[in-house]
Amino acid sequence: MLERLRIFPDQASTIAGEVDTLYLFLIGMSTFFVALIFGLVIYFAAKYRRRSVNEVPPPVRTDLRLEIAWTVIPLVLVLISFAWGAQLFVTMGQAPAGAMEIHAVGRQWMWKFQHPSGGREINQLHVPVGIPIKILLASEDVIHSFFVPAFRVKMDVVPGKYTSAWFEATMEGEFHLFCAEYCGTQHSGMIGRVVVMKPVDYQRWLSDQASGEPLAVGGERLFQQRGCATCHRTSDGPTGPALHGLFGRRVQLQSGDSVVADESYIRESVLNPNAKITEGYQPIMPTFQGQLSEEGLHQMIAYIKSLSGPAEGRKAP
Amino acid sequence: MSPVVEPIIAPENLPPRVNYLNAGYGIRSWLLTKDHKRIALLYLASITFFFFIGGAAAVLFRLELLTPQSDLLQAETYNKLFTIHGLIMVFFFLIPSIPAVLGNFLVPMMIGARDLAFPRINLLSWYIFIIGGMFTLTAIILGGVDTGWTFYTPYSTTYANTYVIITAAGVFITGFSSILTGLNFIVTIHKMRAPGMTWMRLPLFIWAQYATSLINLLGTPVLAISIFLIAIERAFRLGIFDPALGGDPVLFQHLFWFYSHPAVYIMILPAMGVISEVITCFSRKRIFGYSFIAVSSLAIAVLGFFVWGHHMFVSSQSIYAGLIFSFLSMFVAIPSAVKVFNWTATLYKGSIIYQTPLLYALGFIGLFTIGGLTGIFVATLAIDVHVHDTYFIIAHFHYIMVGGALMGYLGGLHFWWPKITGRLYPEGWARLSALIIFVGFNLTFFPQFILGYLGMPRRYAAYPDEFQVLNVMSSAGASILGIGYLIPMIYFIWSMRYGPLAGPNPWNAKGLEWTTPSPPTTENFEHKPHITEEAYAYEVKEEKVVG
Amino acid sequence: MATAAALRKTYFLVFGALLLLTLLTAGIAYVDLGPLSFAVALAIAMTKAALVMIFFMHLNHSEFLVKVFAGAGVLWLLHMLTFTLADYLSR
Amino acid sequence: MSDKSTAALAHQFDDPEQQLEASTLGMWAFLATEILFFGGMFAAYAVYRLAYPQAFAAASNHLDILLGTVNTAVLIASSLTMVLAVYSAQFAGRRAQVTFLLATLLLGTIFLSIKGVEYAHKFHEHLVPGAGFRFDGADPRHAAIFFSLYFAMTGLHALHMVIGAGLLIALTVMSWRGRFSAVYYTPVEMVALYWHFVDVIWIFLFPLLYLIGRH
């Protein structure tokens with residue numbers, strides 16, 4: 001029981017040690033001032049307790065030197081902690097060039113990670129030790145926050161835009177992953193594990209993850225996972241046009257002109273839905289910017305092609 | 001324990017036959033009163049009611065947090081409870097507490113006026129407060145709201161399916177109550193001071209109320225508009241803050257924190273005003289550095305508006321904005337430090353007796369120092385990246401709000417209770433409850449600093465096992481704190497009936513309010529007082545009590 | 001206080017100026033000034049607002065304190081705008 | 001001092017000068033809160049106009065500039081009649097006061113009815129944000145934000161006009177009963193300050209909403 005009574009989380013990233021040192025500096029400064037104030041208050045309260053009922057204490061003049069002292073000294077101390085914190089913050093803000101990029105998607109109450117080589121995992125993040133990792137964060141619904149206490153890293157995952165955080169793990173093992181920004185009922189359930197492994201173990205883990213499945217199968221799974229199916233059904237519905245037989249067809253647009261539905265049209269409609277809106281539909285399709293890696297987009301386009309081409313003719317759900 | 005006990009008040013100090021309490025009887029005389037003292041009591045009753053609702057929510061989820069998994073409450077209920085705790089405590093207790101109760105009662109009396117500048121608006125502000133309260137209570141009774149008191153979008157506008165609009169209406173309406181009170185105080189302090197009461201002779205409680213009213217005036221409208229925009233966005237599916245419809249959620253955070261950081265100074269500044277009054281009275285000494293404390297109240301009010309971005313360091317705000325806000329946040333800490341040093345210096349060579357108001361004041365100085373210093377931690381960028389949205393932040397702002405504002409409020413209530421009711425509270429029980437509150441408070445919130453740095457996020461119904469020990473300590477402290485708050489409620493009510501008569505000046509305190517009988521007459525002063533001496537002139541030989 | 005007749009005259013003069021400025025700002029909107037057009041529109045609006053506040057709202061005869069409160073409201077608005085935009089422009 | 005003014009002196013004030021000064025300071029403090037109340041929306045407007053200039057320009061061109069300009073002139077005229085009402089409360093008799101107050105009220109209602117015409121026009125053109133919003137321009141999602149801000153700002157402004165109209169009606173009744181004189185005209189001055197403030201807000205709303213990208 002006692003060995004679990006800790007004051008600090010693991011220092012498992014390059015910056016964790018520096019953050020803790022700054023933390024200790026601030027604790028030292030604060031303990032000094034708390035001791036000073038508590039000590040003086042208790043000492044004065046005891047020493048100058050009232051001796052007789054109508055005792056009138058001698059007047060004490062306001063001392064300007066003292067006032068200046070306890071304005072300038074605290075100011076200098078706080079500015080030191082500002083500068084130290086700011087310098088560290090700037091290094092936290094910019095990922096080193098060549099950092100390995102992992103796509104992360106936060107959605108109500110789970111984390112989804114896609115490794116560059118196509119490996120995919122939910123609520124778990126396997127990373128190699130000693131290599132800077134940049135996490136590209138996108139949200140599908142509300143604001144979440146990617147927080148790994150052991151790495152001292154936190155960055156909000158804001159819907160509608162990309163945010164990123166980076167870290168370089170220095171210690172192998174499993175660490176907590178939390179969502180730090182309140183995001184609804186299961187906010188406290190949106191947690192996971194970051195597993196730090198040796199680079200060689202990481203490669204072995206990655207190789208048996210990558211599924212050799214055809215792109216269209218991956219595309220169909222993405223189609224479900226991203227919730228495209230909720231709007232794009234087998235026939236033209238109120239919220240979205242059907243994608244059956246779409247590929248290669250000329251599409252009438254809201255602005256009057258028309259365009260042939262080729263790969264670039266599908267890709268643009270997925271990433272920037274408002275650029276070309278099909279006739280008679282509302283601009284309610286949310287952006288999927290950053291939630292589909294290039295590989296995912298390829299899989300998606302392959303899937304949509306399969307819906308209209310003679311090949312598998314598989315029915316969309 | 002205390003060496004010399006003040007003589008109990010001689011019986012002949014009876015309250016005047018007709019005073020503001022018995023000037024009229026029946027519901028109409030209270031609900032339609034324009035007397036600032038009666039409106040203060042109306043506020044006292046209403047915020048005490050809200051305090052116990054917020055407190056009950058806290059006790060419930062502290063019980064839940066005894067165990068790592070969410071077994072006592074479902075996650076949904078836990079979310080609603082912490083939202084109720086936040087909303088009620090911030091908007092319906094802390095912000096109105098000292099200004100609306102002690103401020104309403106004392107501002108006219110301390111500056112020698114018959115009443116506030118706009119008595120009708122003062123009553124209107126109480127009604128607005130109650131209407132806002134009714135809206136929020138309706139939302140709670142219908143099923144509660146689970147967006148947190150911060151209403152972050154797009155959760156609050158699109159994804160929450162609880163009573164957000166009714167709660168938003170409640171908060172929107174109540175905001176105007178503190179705007180009107182602030183406006184009333186500013187005009188009164190400027191225009192209705194008695195002859196001779198120059199700015200530098202004002203009690204520091206008045207300086208604090210003035211600074212608080214400035215924040216109320218310049219900050220609350222922005223909260224009103226951001227809450228209004230959330231309500232219309234949710235009602236008409238607009239996209240102002242909803243990224244799916246083209247809006248930007250970070251913009252809501254800017255508008256919300258533009259008010260909500262100065263709001264924490266609305267909560268602490270009045271308490272600072274009370275501390276200046278209490279320290280000088282019970283150490284029977286002139287305040288050390290009067291002008292420095294007065295000016296730092298204004299400095300806090302002004303600088304408080306330049307720092308709101310430190311709530312958004314990790315919210316995808318730009319790095320440069322983060323640097324600017326962190327830099328400015330360091331400056332806003334300095335006036336608070338100056339005040340603490342000046343109060344401590346006031347005790348030097350004083351003649352101190354340990355009456356309850358002073359116990360609360362000394363408790364305030366200690367706990368507010370810890371709260372203020374941890375504020376430096378969270379204003380430092382690198383530390384905030386780690387501790388933002390964790391229990392470190394919860395501990396920091398509870399040390400300021402509960403350790404500071406609430407201790408100040410209780411100290412003030414005890415200090416002016418004889419003047420408000422003409423009766424003395426039981427000193428023994430009061431000191432005991434002050435001690436219980438101090439112990440219970442520290443046991444509740446100090447472990448949360450450690451929890452926070454260990455990385456336990458806030459607003460979690462369930463948490464990993466290794467955080468359980470500290471959470472159990474915190475919950476234990478919370479129950480002690482709960483008991484500590486019940487005791488004053490009981491003996492205050494008891495003292496209204498059975499408390500010994502207080503007489504005009506039981507503490508031999510300086511200040512115009514103590515030159516009137518207790519409880520004072522409706523007109524406060526028979527003839528307009530004329531002020532000739534500085535504030536807290538305790539060194540001057542005891543003069544006749546009648547002003 | 002200026003004499004009654006002089007007061008009336010100033011009111012009508014200010015009224016005329018305000019109408020002219022309204023026509024000016026509406027007209028100038030059709031001239032392509034590029035990024036300058038927003039600044040010009042804002043400048044005209046500020047002059048009109050100043051005219052109304054000084055003459056119609058009697059700031060010219062009000063005590064110093066009232067002028068401070070009028071200024072404080074505008075200053076705080078500008079402060080909020082600058083700091084919020086500082087974040088957006090430096091992203 | 002004539003008995004009428006002392007009768008109107010509230011008990012907490014010592015003399016009418018203190019009462020007028022206090023009320024003026026109180027009204028200006030209230031107007032500062034109103035500036036910041038509308039300020040929140042101006043901040044949202046500024047942020048979104050910088051982020052989506054084309055969408056704002058395209059959406060702004062859907063507003064009727066003629067009606068906007070006429071409305072601005074109407075509101076400025078109502079400011080003139082309002083200040084003349086204050087003038088006549090001090091120097092002229094009841095008849096002049098009531099005529100100017102009613103003129104202000106009339107101009108206010110003209111403004112609101114023109115606003116009503118514009119709103120109806122937007123409704124027919126499916127430009128009211130929400131489910132029924134249809135915008136053929138470049139970027140409908142961000143044009144919808146423009147219209148959300150347009151309706152929020154002008155809607156709140158119109159609401160303030162309605163409150164102002166109510167105050168004017170009360171004022172006209174008091175003026176008809178001869179309550180005001182050179183020594184006691186505080187309520188007229190207060191309502192005037194409020195009315196002029198509502199005009200100042202429109203003075204900014206007009207160029208910001210109507211005059212973007214007209215060239």
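Naming convention: chains lettered A, B, ... in sequence-line order (proteins, then strands); numbering from 1 in each chain.
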Tell me, out of A/T163, A/L40, A/I143, A/L88, who's got the most heavy-atom pairs with chain B below 4.5 Å. A/I143

Chain B: which of A/E18, A/K47, A/H176 shares the most heavy-atom pairs with it under 4.5 Å? A/H176

Heavy-atom proximity to chain B below 4.5 Å, by part of A/F147: side chain

Verify the ring-centre separation between B/F331 and B/F327: is it less than 6.0 angstrom? yes

Where on A/I42 is there a heavy atom nearer than 4.5 Å to chain B: the side chain, the backbone, both, or neither? neither

Contact part of A/S30 toward chain B, heavy-atom cut-off under 4.5 Å: side chain, backbone, both or neither? both

Under 4.5 Å to a heavy atom of chain B? For A/L137 that would be neither

Let me know if A/Y23 has heavy atoms under 4.5 Å from chain B in its side chain, its backbone, both or neither. both

Quick one: what part of A/I191 sits under 4.5 Å from any heavy atom of chain B, side chain, backbone, both or neither? side chain

Would you mind checking if A/D20 and A/R152 are paired as a salt bridge, meaning a charged N to carboxylate O distance below 4.0 Å? yes

Interchain contact, B/V387 with chain A, by part (heavy-atom threshold 4.5 Å): backbone

Toward chain B, the part of A/L77 with a non-hydrogen atom under 4.5 Å: neither

Electrostatic pair A/D141:A/R107 at N-O distance under 4.0 angstrom: no

With only heavy atoms counted, which part of A/E55 is less than 4.5 Å from chain B, the side chain, the backbone, both or neither? both

Toward chain B, the part of A/M155 with a non-hydrogen atom under 4.5 Å: both

What part of B/Y463 gets within 4.5 angstrom of chain A, counting heavy atoms only: side chain, backbone, both, or neither? neither

Chain B contact via A/D10 - side chain, backbone, both or neither, heavy atoms under 4.5 Å: neither

Ring center gap for B/Y155 and B/Y159 short of 6.0 angstrom: no

